[in-house]
Structures are given as C-alpha cells and as structure tokens.
Number of protein chains: 2
Amino acid sequence: MTGKPGKVTQREIARIAGVSQTTVSMVLNDRDGSNIRIPDATRERVRRAIEQSTYVADPAARRLAGLDNKILGVFTYESALTPESMDFYGPLLNGIERAAEGLGCDLLFFTSSPVEEGRRRLFHRNTRLRLADGCVLLGQQMDGDDLERLVTEQFPFVAVGRRDETDAHVPYVGIDYGALTDVLVARAAELGHERAVYVHRDRDSPTARDRLAAVARAEGGPLHVTPAAVGDDLSGLPGLIAGAAATVVFAEDAFLLEDVALVLGEAGLDLPGAVSLAALAEVRGHRLNERPLSGFHLPRQQIAAEALALLQQLISTPPEEHGTVATQRLLQGEVAFGDTLVARGGAR
Amino acid sequence: MTGKPGKVTQREIARIAGVSQTTVSMVLNDRDGSNIRIPDATRERVRRAIEQSTYVADPAARRLAGLDNKILGVFTYESALTPESMDFYGPLLNGIERAAEGLGCDLLFFTSSPVEEGRRRLFHRNTRLRLADGCVLLGQQMDGDDLERLVTEQFPFVAVGRRDETDAHVPYVGIDYGALTDVLVARAAELGHERAVYVHRDRDSPTARDRLAAVARAEGGPLHVTPAAVGDDLSGLPGLIAGAAATVVFAEDAFLLEDVALVLGEAGLDLPGAVSLAALAEVRGHRLNERPLSGFHLPRQQIAAEALALLQQLISTPPEEHGTVATQRLLQGEVAFGDTLVARGGAR
DNA sequence: CTGAAAGCGCTTACAG
DNA sequence: CTGAAAGCGCTTACAG
C-alpha cells in the first residue's frame, strides 16, 4: 500500500552480518539471559551492520509480537488544542508532554474519534486505542460506559480527575477538593464570618459531591454554609443572601463567582466589604476589580505527571498484582487566600 | 506482556458467525469487488456478531499487513506544549488537530525523541515514526540530514515552513514572506519614506533569505533599505540609523523589533514620529506603547490545515505519481498595517 | 552459543 | 460465493 522501498528489516541485517534473524532480534533487545549467550564478536558484527544501515524496528511488528510500544494514548472528551480549551488543558498537556519525554514515550492523540452530542466517543469501529500501551483520559465529563469497558477489557488507563461514578474500580489522579474546602471554610470562620451561601450548578460529578460534602461538614462548626443550587438566572441571589444573613458567598468555580459578583454588584452590595467572595476551584487568571480572587491553586502539571507515572506503573505491573498499587490518588492543592475573602464587616 | 484478556479477534467473530476469518475481514473492509461477492445474509450475520462483541481491529496487525493506519505523525524540534512555545505552536497545533479530525486521523507526537543540543532527533534507535502513515515536521530550525533521509526512504512527510536547504525535493507549506515584504516596503514608500534599515539576526534559513531578497529588490524603487546584521548588543543602532538617514526600521521579527524600540527610545528618538517601525513577521499580540505593531498576520491555522491536506495527498498517491502533486506550497499572509509605520515626519 | 519454527492479528492473492 | 494459505516484521520458546 504505502510501498516501503527504503525499509530495512532484521532479515536484511541478518544477511549482512551473516547470522540468523533471531540473533539480530536478540542483540537488539539485549536478551542476555542464562540460556542465551551471544559472544561479543557476533554482537559487534550485528551492531555494525545495524549502524551502517538505516534500520529501525517496525513498531507495528513489535507490538503485534507482544511487546510494549512506549506509546501512551491521550483521550480528551473535547478538542484539546483550541485557544479556549487551552486554559484548562494547557497545563495538563504540558505536564503530560514533559512526563512522556521523561518516560521515553510517544503520545497518541485520538483526534479521530467521532463526536456525538459534543463529546468524543472513545470506542468506535476504527479505534487505534490498542496501539497504545495505555491511555490517559481527560475531560470534565467522562462516559461511565467507557470507563467500565476499559476496566473489563483490562486495558491500562488512568483518568485525570476523581472518578467514582461507576462500581468499577477506576484508576485516577485528582485533587482533594474536600480538604481544600475545609481550609477555606475555616479561614472564613477565622475572619469572623458566621453565615455563608454556597452557590453551585447542581452538577452530578465526584468533585461537585466532594465540595458539597465539605460544605455539609461545616455544619457543626462556627461557619454555617447554606448550599444553593442555581441555574442561569441569578437574580434571586441578593434576596437569598440577605435572607440567610450571609456575609460570604462561595461559588463552585471562578466563572460562576464572577457572575455572582456581577449580580451582587448591580444590587448595590459593597464587594468584598459587605459580602466576601471565594471560589472552590482554580482562580488563577481571574480577578475582581483588580483583586485576585480567593480560592484554590491546583497543581495541574503535577497531576498530569502523576497520572502518567501511575499509568506507566499499571502497564508494567501484571494485572494480578494490580492490587499492590495505589490506583486512586488525590493530590493536595493549595488555598489561594486572595483579596476577596476579607474580615467580616471589613470596609477596606 | 500486556496480557490482553478482553481482546476479541476476527477468528473469534468468525467462529460465532460460522464463517471463515477471511470472510470477516472482507466484510469489515467492505471488499466487494468483481471476484468477491458476499451475500447480504452472510454479511448480516457477521455484522451482528461484531456488534454483539466488543471487537475492534488491531491497528498493529492492520499496519503490518500493509494498510493505512490513519495515524499522522507530528514531530516538533522543540517541546510543543510549554506555555512559552504556545505562542508559536498553539495556532499550528490547533489547525493540525482540526484537520486531523476532519480527515479521521489520529495524531502521534514523537515526544520520546532524545534531545541533543536543544533539538530533538527524528531518527533514533526506537523511533515509532514508521507507525504513522506520514509525518508533519514543525520547528524553526530543521535538520537537513533528517529531511534528506525522509526523502530517500520515501517516507511521506511535509515540513511546515519553507525548506530548500537541501538538494532533495522537500515538500512543504510555508508563507510567502517575499511578497509580504514587498507590500510593506511599498507602503512605507507611499508614506513618504526614502531610507530604511533592515535589522536582522543573520540567520541562515529560507525565510530569512526570502526577506533579505525582498529587501534587496527594493533597491531600484523609491525606498532604499540597508540591511544590518546584529547580535545581542544593539547599542550601535541609533548611530547606524542616523548615519543612514533612515526614517524606518524593519526588523526580522516582533521580538527583535521590541528590542530595537527599547534602544531607540532610550536614545531619545520619538517613536514612531521620527522613526517608523515594522516587523517582517507575525505581530499578533505585540504592542508598542499600546499601539499595534506594523507587520504581518500569518494564517497559521490554515498552514497547518494545508500541510495535513498535502500530507494526506502524498500518502494516498503512489510514489511514481508524486510528480503530479504540487508539493511546495506558499500561502499568502496578510499585511497588518498597524500603528507604528506612519507617514514620514508624522508627529501624530 | 545459534537457528528453524510458531505465532501475534490482519489482508490479499489464489484456489476451489 | 468462500476458505486455506502465505506473508507483513517481529519475539520467544524450543531444539540442536
């Protein structure tokens, strides 16, 4: 088909070096066990033949014969390289690239996966998934069936972001939002606040649940937090906050927090004097009237690196020993105190 | 090695459907020629067996048997996904991703290539290059030997950016810097300028030569341009400009132009009143005292798309007919008039 | 120490 | 219309 005229094979090398093709393979793969012992002379002869040719092993054949390919798959549920998605994917991809370099692996991006309902499908007629030794999955929303199928087929993979939607045991590397939320809540309490509202989108994801759980945990403490699920219309918010006598608003993410600030500002509230604001998510790059938002800083590059490391571990560990490795890892982020969570009644 | 227990093969499907493995392959690949005619009934039976299983063809085996893989390689001479490189690579990668989606191809990034002297090496012991149907090469500086070897081995590839360092016929998609430079020079002449200096790094690349050639062409026209090769120390520049009685400075790229502006500003020159400034390169994202720079806008996304299209064409055209396809393509960029190239003597 | 053989999963002539 | 066979380039038991 492609007609590979310039292609040199092991057989050719074997002919030149005057040995069998098997021996060439042995030399190439440094097979030097107890049964096989290749004298340095032969070894040298083969080496030289290879150097003088343009031989490179055919990765397809290697793979077919059962070896690792040193290829890691990267599957993103949305396009990863658009300017808009760079905000989220950029640091992750950067981390993945670096980690792959370190591991000596190439990266296969499954850009061909057909898009359905705005999401790519992992499994399809012509998926090249199997060409990779394993795969990292990225995306805000993942498909539960995909995850289950990967587990049943025992294909090594790691999800970026906490996943426990499924019964299946999904390996992942995520962020401990619960712990971060606890710290931020405690901080608000320290600053004298007693009542807060947590504005969220009522999404059904593991991290959303983590945040809600942390908010619920606050119940017993000095700061009482009322969760409030909202849609696109935030006009009821000022009333709700007044009703709850809240002096702090937490929002699910920085974008939502910005929308909230807009509405509260229009309602004539002094921000953050009368009402402090904080996001329970990454706030890098977000500001409120020049002030850095209070919220979290997430080690996205590190997550990516950790995910690849875990994937590599899964690949090189025989399935029966998978119990040995910690396949669900939560990384600790950092609280960004910022300038929008201030002391209660603080005019500033 | 990886132990693929969940793996379904054509043989398995054949067993279920009660046909031969050959027939399964035929059905899968829609082989429906003159000699082979598979009745709809059999076809249906096979289809159903496939649907009910989790069968997906093994890409390694397909490839080994000589078929396309629908995998396009992406080789960058530097890391592509770092925050710094995003400026240059971002739009290109975005274009590549979109084009690959359109072509139904996956993308293999050769992140494993060992780095030598700050550049990745394309050919090495374990290159997975051959797994791809073809490859796009990106980077400011490419290795001539790499290019020649790709040509001799008849491996389909396309360079992004003009390449004519080698004797070998290198397929590329680039920008017509010469034409753009001509336009910008003409524009400066229109604005009344008669003498200009072209500040460059004296690099030996095709595009550098294109710009120099265009500058030389200006000789006969109303605007006389003196080329000036510079190193890191630009302190001689004000004197040089005064000596040449120049009222315009062209620079090789926007970064260099910024450095030039700094030096001239410190020398007390009014910019752009006394001296107009323009870059013979992309100026998007660059400003001089709030003013958009004069220079070019390059259709980077389009270049990427065009490069992939060309690559696909090369892959699907038998080598003997390669003469038929235009393998060296220059795209027209756009002159960004900006606000730093102003009328001669213009105070503004 | 080294080679002939089987096999990985697929495709494509080639015979029925 | 359909199957048995060869072959893609490699690796790894298995015999010498």
Side-chain angles (χ1 to χ4, degrees), chain A residues 1-15 17-46 50 53 55-70 125-131, chain B residues 1-15 17-46 50 53 55-70 125-131:
Chain A
M1 200 90 189
T2 358
K4 315 144 186 176
K7 192 161 187 182
V8 186
T9 68
Q10 286 187 359
R11 182 161 58 202
E12 176 72 359
I13 300 289
R15 203 183 48 71
V19 298
S20 79
Q21 180 254 336
T22 303
T23 304
V24 176
S25 174
M26 297 299 192
V27 171
L28 274 167
N29 295 295
D30 283 324
R31 288 283 171 279
D32 221 0
S34 40
N35 334 345
I36 38 193
R37 189 122 281 289
I38 301 172
D40 285 349
T42 333
R43 199 176 287 277
E44 232 357 271
R45 211 141 27 92
V46 173
I50 292 173
S53 73
Y55 178 81
V56 281
D58 183 328
R62 278 175 74 88
R63 178 68 175 167
L64 194 55
L67 258 59
D68 283 13
N69 244 347
K70 297 283 190 184
R125 230 172 136 276
N126 288 313
T127 180
R128 257 78 65 178
L129 184 61
R130 297 234 101 93
L131 210 46
Chain B
M1 198 95 188
T2 358
K4 317 145 184 175
K7 192 162 186 183
V8 186
T9 69
Q10 286 187 0
R11 183 159 61 204
E12 176 71 0
I13 301 289
R15 205 183 48 68
V19 296
S20 80
Q21 180 253 337
T22 304
T23 303
V24 176
S25 174
M26 296 300 191
V27 172
L28 274 167
N29 295 295
D30 282 325
R31 287 283 171 279
D32 220 1
S34 40
N35 333 346
I36 37 195
R37 189 122 280 291
I38 302 171
D40 285 350
T42 332
R43 200 175 286 277
E44 232 358 271
R45 210 140 29 93
V46 173
I50 292 173
S53 74
Y55 177 81
V56 281
D58 183 326
R62 278 175 74 89
R63 178 68 175 166
L64 194 55
L67 258 58
D68 284 13
N69 244 347
K70 297 282 188 182
R125 234 172 133 277
N126 287 315
T127 180
R128 256 79 63 177
L129 185 62
R130 296 234 100 93
L131 209 46

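Proteins get letters first, then strands, A, B, ... in listed order; numbering begins at 1 in each.
- Side-chain atoms of P39(A) lie closest to dC1(C) of the nucleotides dC10(C), dC1(C), dT12(C).
- When the C1' atom of dG9(D) is taken as reference, atom CG of L67(B) falls 16 Å away, rounded to whole Å.
- For DNA chain D, if you chain together Watson-Crick or G-U pairs that step i with j, i+1 with j-1 and so on, the runs of at least three with distances under 3.5 Å are C:1-3 with D:14-16, C:5-12 with D:5-12, C:14-16 with D:1-3.
- Toward the 5′ end of DNA chain D lies the nearest nucleotide of R11(A), the other residue of the pair R11(A) and L28(A) mapping further downstream.
- The nucleotide whose nearest atom lies closest to any side-chain atom of R62(B) is, among dC10(C), dG3(C), dC8(C), dC10(C).
- Look at T22(B) and you won't find any side-chain N or O under 4.0 angstrom from OP1 or OP2 of dT2(D).
- Taking only side-chain atoms of T42(A), from C-beta outward, the nucleotide of dT2(C), dG7(C), dG9(C) with the closest atom is dT2(C).
- Not one side-chain nitrogen or oxygen of T23(B) sits closer than 4.0 Å to the OP1 or OP2 atom of dT2(D).
- Judged by distance alone, with hydrogens and angles left aside, S20(B) brings no side-chain donor or acceptor close enough to the base of dA4(D) to form a pair under 3.5 Å.
- Phosphate contact (OP1/OP2 of dC8(C), side-chain N/O of R63(A), threshold under 4.0 Å): absent.
- Side-chain N/O atoms of Q10(A) include one lying less than 4.0 angstrom from OP1 or OP2 on dT11(D).
- Computed from coordinates, the R45(A) CZ to dG3(C) C1' distance equals 14 Å when rounded to whole Å.
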Inset, instruction - Go through the steps for Q10(A) and L28(A) under the test side-chain contact (heavy atoms from CB on, under 4.5 Å), then give the verdict. - result: CA-CA 10 Å; Q10(A) 286 187 359; L28(A) 274 167; 3.5 Å; yes

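- Within the 4.0 Å cut-off from OP1 or OP2 of dC8(D), not a single side-chain nitrogen or oxygen of T9(A) is found.
- Contacts of A60(A) with the nucleic acid, taken as non-hydrogen atoms under 4.0 Å apart, are absent.
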